[in-house]
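Just so it is clear, the model here is predicted, and its values are computed rather than measured. We count residues from 1, following the sequence as given. Just so it is clear, the values below take in all heavy atoms, side chains as well, and ignore hydrogens, waters and symmetry mates.
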Amino acid sequence: MKSTIPVPAKYLLNPVHFIALGFGSGLMPKAPGTFGTLAAIPVYFLLKDFNLLAYLAVVVLVCLLGVYACFYTSTALKVHDHPSIVIDEIAGYLITMISIPFSWQWVLAGFVLFRFFDILKPWPISWIDKHVHGGSGIMLDDIIAGVFAFVVLQILMRII
């Protein structure tokens with residue numbers, strides 16, 4: 001069960017917590033995962049002109065850093081996958097947007113698709129969410145949700 005205990009803003013002073021908490025977006029009292037995904041949009045904007053290899057390198061780095069940051073922050077909070085930990089949403093959205101042209105329509109479509117899979121958690125996402133623990137578990141369900149959203153977005157991009 002996820003905690004509803006708010007995270008003190010002083011956690012943002014620690015760089016690892018700052019990353020895990022999605023630059024502060026995870027501290028929103030309602031829908032922190034949605035706000036974490038919204039925080040990913042400016043990151044995507046900064047990466048949109050990177051070539052594919054550089055973009056993928058950043059995504060891998062975010063995922064690896066996210067595993068550590070999630071572990072570190074969940075340990076400090078003594079709660080596995082506290083709702084305020086949203087670096088996993090940022091990584092999942094960046095995966096969703098691999099090779100997608102930058103326009104508000106695609107940004108919105110990626111946002112909606114990623115949130116859909118992240119909230120609905122179809123198999124195997126639901127299984128991973130329940131059975132894989134630690135920083136890897138926190139990150140992995142959103143990484144897979146990002147892959148699902150990526151596949152659907154790629155299909156949509158080709159038929160539209």
Side-chain angles (χ1 to χ4, degrees), residues 2 15-28 31-74 80-160:
K2 293 193 178 193
V16 179
H17 294 318
F18 182 73
I19 291 166
L21 301 172
F23 324 116
S25 63
L27 298 183
M28 297 302 289
T34 298
F35 281 96
T37 307
L38 285 172
I41 293 172
V43 177
Y44 171 64
F45 179 78
L46 291 172
L47 301 176
K48 69 179 175 52
D49 293 327
F50 281 33
N51 67 46
L52 179 58
L53 189 59
Y55 186 95
L56 292 174
V58 171
V59 170
V60 168
L61 182 64
V62 168
C63 291
L64 293 174
L65 189 60
V67 169
Y68 175 73
C70 289
F71 171 78
Y72 182 87
T73 301
S74 65
H80 172 72
D81 204 1
H82 191 284
S84 294
I85 297 173
V86 296
I87 187 63
D88 50 334
E89 273 80 13
I90 293 170
Y93 182 77
L94 293 177
I95 290 167
T96 300
M97 301 306 289
I98 293 169
S99 296
I100 299 297
F102 188 83
S103 74
W104 70 268
Q105 294 94 339
W106 290 119
V107 167
L108 179 61
F111 177 85
V112 169
L113 283 168
F114 173 71
R115 292 305 301 146
F116 173 79
F117 287 113
D118 188 32
I119 293 167
L120 184 65
K121 295 194 185 316
W123 189 90
I125 299 168
S126 57
W127 188 91
I128 291 166
D129 188 48
K130 291 176 186 156
H131 295 95
V132 183
H133 302 290
S136 299
I138 296 170
M139 289 294 294
L140 192 55
D141 67 311
D142 288 77
I143 288 170
I144 302 300
V147 170
F148 280 23
F150 163 80
V151 168
V152 173
L153 205 54
Q154 290 294 319
I155 292 168
L156 287 174
M157 195 171 69
R158 282 159 177 70
I159 64 174
I160 293 180

(message) Using side chain to side chain contact (heavy atoms under 4.5 Å, CB included), reason through C70 and I87 one step at a time and then give a plain yes or no.
(response) CA-CA 8 Å; C70 289; I87 187 63; 3.4 Å; yes

(request) Hey, could you give me the CD1/CG distance between I95 and L56, rounded to the nearest 0.5 Å? (result) 9.5 Å

(message) Any non-hydrogen side-chain atom of C63 less than 4.5 Å from a side-chain atom of V59?
(response) yes

(message) side chain to side chain contact (heavy atoms under 4.5 Å, CB included) for L52 and I98? Distances and angles first, verdict last.
(response) CA-CA 8 Å; L52 179 58; I98 293 169; 3.8 Å; yes

(message) Rounded to the nearest 0.5 Å, what separates atom CZ in F111 from atom CE in M97?
(response) 11.5 Å

(message) Quick check against the 3.5 Å criterion: does S74 have a side-chain atom that pairs as donor or acceptor with the backbone of F71?
(response) yes

(message) Whether the side chain of Y55 engages the backbone of Y44 through a donor-acceptor N/O pair (distance < 3.5 Å, no angle test) should be reported.
(response) no

(request) Measure the spacing between CG of L140 and CD1 of I128 and express it to the nearest 0.5 Å. (result) 4.5 Å

(message) Checking the side chain of S84 only, and the main-chain atoms of L27 only, is there a donor and an acceptor separated by less than 3.5 Å?
(response) no

(message) Contact between V16 and Y68 at the side-chain level, heavy atoms closer than 4.5 Å - yes or no?
(response) yes

(message) If I compare all heavy atoms of S25 with all of V86, which pair ends up nearest, and what's the gap?
(response) OG-CG2, 3.6 Å

(message) Between P32 and E89, is there a side-chain heavy-atom distance shorter than 4.5 Å?
(response) no

(request) Search all heavy atoms of P124 against all heavy atoms of I144 and return the closest pair with its distance. (result) CG-CG2, 4.4 Å

(message) Between V43 and V62, is the side chain to side chain contact (heavy atoms under 4.5 Å, CB included) condition met? List the steps.
(response) CA-CA 11 Å; V43 177; V62 168; 5.8 Å; no

(request) Run the numbers on Q154 and I100 for side chain to side chain contact (heavy atoms under 4.5 Å, CB included), then give the verdict. (result) CA-CA 8 Å; Q154 290 294 319; I100 299 297; 3.3 Å; yes

(message) Please report the interatomic distance CG(L113) to OH(Y93), rounded to the nearest 0.5 Å.
(response) 10.0 Å

(request) Taking all non-hydrogen atoms of both residues into account, name the closest pair between V67 and M139 and its distance. (result) N-CG, 3.6 Å

(message) Nearest 0.5 angstrom please: R115 CZ to I119 CD1, how far?
(response) 4.0 Å

(message) Tell me whether the count of non-hydrogen atoms from other residues, nucleotides or ligands lying under 6.0 Å of NZ in K130 goes above 12.
(response) no

(request) For residues F114 and D88, report the shortest heavy-atom separation together with the two atoms involved. (result) CZ-O, 4.5 Å

(request) Only one of W123, F148, F150 passes ring-ring contact (aromatic ring centres under 6.0 Å, His included) with F117; say which it is. (result) F148

(request) Considering non-hydrogen atoms only, spot the tightest contact between P42 and L38 and give its length. (result) CD-O, 3.2 Å

(message) Applying the side-chain hydrogen bond (donor to acceptor under 3.5 Å, both in side chains) criterion to K121, which one of D129, D142, D141 satisfies it?
(response) D141

(message) With a sphere of 6.0 Å drawn around CZ of F45, does it hold more than 12 non-hydrogen atoms of other residues, nucleotides or ligands?
(response) no

(message) How close do G110 and L153 get, counting heavy atoms only, and between which atoms?
(response) CA-CD2, 3.8 Å

(message) To the nearest 0.5 Å, what is the distance between CG on L47 and CZ on F102?
(response) 11.0 Å

